[in-house]
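Comments concern the structure below.
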Amino acid sequence: MLNINDTIAAIATPPGEGAIGIIRLSGPEAVGITNTLFKGKDLSSQPSHTIHFGRIMDGSNVVDEVVVSLYKGPKSYTGEDVTEISCHGSGYVLQRVLQLCLQQGGRLAKPGEFTLRAFLKGRLDLTQAEAVADLIASQSGSAHKAAIHNLRGGFSEDLKQMREQLITFSALIELELDFSQEDVEFADRTKFYDLIERLTTATGQLLQSFRLGNVIKNGVKVAIIGKPNAGKSTLLNALLNEERAIVSDIAGTTRDTIEETININGVLFRLIDTAGIREHSLDTIEMKGIERSMEAMNKADVVVYLFDASTSETEEVNTRKQELEKNGVKYLLVGNKADLGTHASWEDAGRVTLISAKNKENIHRLKEALFDLVAAGAVQQEGTIITNARHYGALQEVAKSLAAIKAGLDNQLPGDLISLDIRTCLYHLGEITGEITTEDKLDYIFSKFCIGK
């Protein structure tokens with residue numbers, strides 16, 4: 001069972017040495033426990049949202065000189081009394097201060113328990129709480145932007161408006177049931193139908209944003225494939241602007257996949273350099289590399305098919321293009337070694353980017369083409385972008401419920417049946433924000449947070 005009446009403590013900064021490390025406490029005894037260890041001002045008599053310099057003492061021994069930040073509930077992150085002890089960033093010092101806090105009656109916090117308490121105390125709803133974890137994990141500008149939007153309540157406000165409008169009509173329809181013998185109609189069916197249309201459109205837009213949201217949150221997997229000696233490793237090095245992969249004139253030099261990341265216009269791209277693909281090889285290790293190349297291609301969000309523009313025939317490249325289109329793969333055709341001249345008029349072939357990976361010519365054009373293929377314009381859009389699979393699943397159920405309500409209105413079903421569908425829709429909306437939830441679901445969601453948050 002969840003216990004939110006005791007005082008929890010944890011190290012709130014990442015492992016490893018640093019200039020500063022923080023121990024966070026939250027609960028009814030947070031100030032008292034800290035005050036017992038702290039030699040300086042009497043923290044119990046100090047106003048909230050103040051900081052105080054002093055020492056942490058273990059009996060008569062000085063453990064560290066620290067700064068204590070004091071936040072008194074309910075105006076704190078968790079809604080409870082909170083203290084944060086800023087120590088020097090030694091792992092030994094942090095562990096020792098934490099142990100002293102536990103000896104004074106604190107309990108080691110579980111993963112995500114500080115944010116869980118913020119949710120249970122009404123400081124955050126569930127979408128905002130999950131946005132905290134997304135913000136911590138953000139590795140690009142677009143991921144940061146989406147997390148901040150949700151943390152500030154942007155998504156919550158969208159859902160709140162949907163719920164309020166549905167609840168209003170639900171109340172009117174249920175009121176009709178109380179006067180069923182008098183055949184009265186309190187809910188204007190025309191306005192209600194218009195509302196369901198608007199909510200269906202809004203829900204559809206949120207669902208469509210999940211594809212982009214998944215790209216923002218997890219990055220785009222890009223498999224660089226092509227024949228041996230097409231210049232795949234040279235291209236990877238050019239994109240990264242560093243010598244990451246071994247480059248050689250010997251065919252089959254790359255034996256395994258190499259994965260690195262780059263940030264293009266705020267979107268993370270995970271580049272996978274693969275072994276050159278050819279039909280026959282007597283080298284067992286090379287064949288294993290080719291197998292992994294095909295596997296990487298099948299799992300990729302985007303395939304960059306690299307070919308030697310100075311020697312490759314149009315027919316050969318078109319064959320590969322047709323294979324990619326048949327498999328429904330997003331792809332870019334990239335002609336390398338354009339500095340040596342081109343065998344055909346590749347610029348007229350359509351959807352071909354000509355580069356020289358060796359000379360780093362037109363690499364910027366390739367980066368622009370990658371970005372345009374997956375996120376052009378959309379990543380700059382304002383408003384909510386769904387990045388959470390749990391939200392996506394609940395919104396799918398909301399869409400089904402809205403469709404059922406609309407069908408009920410079309411078929412002029414009685415109010416009690418329509419009311420049931422409205423309640424189902426409200427239930428799934430409440431699941432997203434945490435107004436409808438279970439302890440098991442909370443344990444699962446917050447277990448994915450880091451300890452100390």
Side-chain angles (χ1 to χ4, degrees), residues 3-119 121 123-124 129 132-139 144 147 151 446-453:
N3 182 3
I4 61 171
N5 298 315
D6 58 357
T7 298
I8 55 175
I11 298 172
T13 41
E17 293 182 3
I20 300 294
I22 297 174
I23 291 93
R24 174 181 288 164
L25 295 92
S26 178
E29 300 301 321
V31 177
I33 291 172
T34 307
N35 210 26
T36 301
L37 304 172
F38 183 71
K39 185 176 182 181
K41 291 183 179 178
D42 178 7
L43 298 176
S44 62
S45 62
Q46 303 305 312
S48 180
H49 293 70
T50 55
I51 59 174
H52 308 278
F53 173 76
R55 298 181 179 89
I56 293 294
M57 305 295 294
D58 182 4
S60 59
N61 298 318
V62 177
V63 177
D64 196 12
E65 291 187 339
V66 302
V67 171
V68 173
S69 303
L70 182 63
Y71 308 94
K72 294 185 178 180
K75 293 184 177 181
S76 69
Y77 178 71
T78 62
E80 306 174 321
D81 286 351
V82 173
T83 60
E84 292 183 351
I85 306 172
S86 298
C87 310
H88 291 93
S90 157
Y92 169 77
V93 170
L94 289 169
Q95 286 294 338
R96 191 169 173 193
V97 175
L98 177 60
Q99 289 304 315
L100 290 172
C101 293
L102 300 181
Q103 289 170 16
Q104 293 299 321
R107 170 176 64 78
L108 186 64
K110 296 177 181 178
E113 192 168 359
F114 290 93
T115 305
L116 172 60
R117 291 191 175 201
F119 165 71
K121 295 285 185 179
R123 297 291 292 172
L124 303 170
V132 172
D134 290 341
L135 184 60
I136 292 170
S138 62
Q139 298 181 37
H144 169 264
L151 181 59
F446 287 98
S447 68
K448 296 185 287 185
F449 281 54
C450 56
I451 295 175
K453 196 60 182 178

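Sequence positions, counted from 1, serve as the residue numbers for this chain. In this text, all values refer to a predicted model and were calculated from it rather than measured experimentally.
Shortest non-hydrogen contact noted between Ile23 and Cys87 is CD1-SG, 3.7 Å. Ala10 approaches Leu108 most closely through the heavy-atom pair CA-CD1, 4.5 Å. Taking each heavy atom of Ser69 and Ile51 in turn, the nearest pair found is OG-CG2, 3.4 Å. When all heavy atoms are compared, the tightest approach of Thr115 to Ala129 is CG2-CB, 3.7 Å.
Residues passing the salt bridge (Lys or Arg N to Asp or Glu O under 4.0 Å) test with Asp134 are Lys217, sequence neighbours excluded. Remark: Glu80 pairs with Arg117 by the salt bridge (Lys or Arg N to Asp or Glu O under 4.0 Å) rule, at least two apart or across chains. Residues passing the salt bridge (Lys or Arg N to Asp or Glu O under 4.0 Å) test with Arg96, sequence neighbours excluded: Asp58.
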Could you check Ser90 against Asp64 for side-chain contact (heavy atoms from CB on, under 4.5 Å), going step by step and ending with a plain yes or no?
CA-CA 10 Å; Ser90 157; Asp64 196 12; over 6 Å; no
Under the criterion side-chain contact (heavy atoms from CB on, under 4.5 Å), I'd like the reasoning laid out for Arg123 against Tyr77: C-alpha separation, chi angles, the key distance, then a yes or no.
CA-CA 7 Å; Arg123 297 291 292 172; Tyr77 178 71; over 6 Å; no
Could you go through the side-chain contact (heavy atoms from CB on, under 4.5 Å) check for Val62 and Met57 one step at a time?
CA-CA 5 Å; Val62 177; Met57 305 295 294; 3.6 Å; yes
side-chain contact (heavy atoms from CB on, under 4.5 Å) between Val66 and Phe38, intermediate numbers included
CA-CA 9 Å; Val66 302; Phe38 183 71; 4.0 Å; yes
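For the pair His49 (side chain) and Lys75 (backbone), a donor-acceptor distance under 3.5 Å is present. Counting only distance, with no hydrogens or angles, the side chain of Gln104 and the backbone of Leu100 share no donor-acceptor pair below 3.5 Å. Judged by distance alone, the side chain of Lys41 and the main-chain N or O of Gly54 form no donor-acceptor pair under 3.5 Å.
Going from atom CD of Glu84 over to atom OG1 of Thr13 covers 10.0 Å, rounded to the nearest 0.5 Å. Summarising the geometry, atom CG belonging to Leu37 is positioned 8.5 Å from atom CG belonging to Leu25; distances are rounded to the nearest 0.5 Å. How far CD of Gln46 is from NZ of Lys72: 7.5 Å, rounded to the nearest 0.5 Å. Taking CD from Glu65 and OG from Ser86, the interatomic distance works out to 13.5 Å, rounded to the nearest 0.5 Å. Atom-to-atom distance recorded for Leu94:CG and His88:NE2 is 11.0 Å, nearest 0.5 angstrom. With values rounded to the nearest 0.5 angstrom, Asn35 atom CG is found 4.5 Å from Leu43 atom CG.
Paired with Ser26 under the rule side chain to side chain contact (heavy atoms under 4.5 Å, CB included), one option of Ile8, Thr83, Asp81 passes, and it is Ile8.
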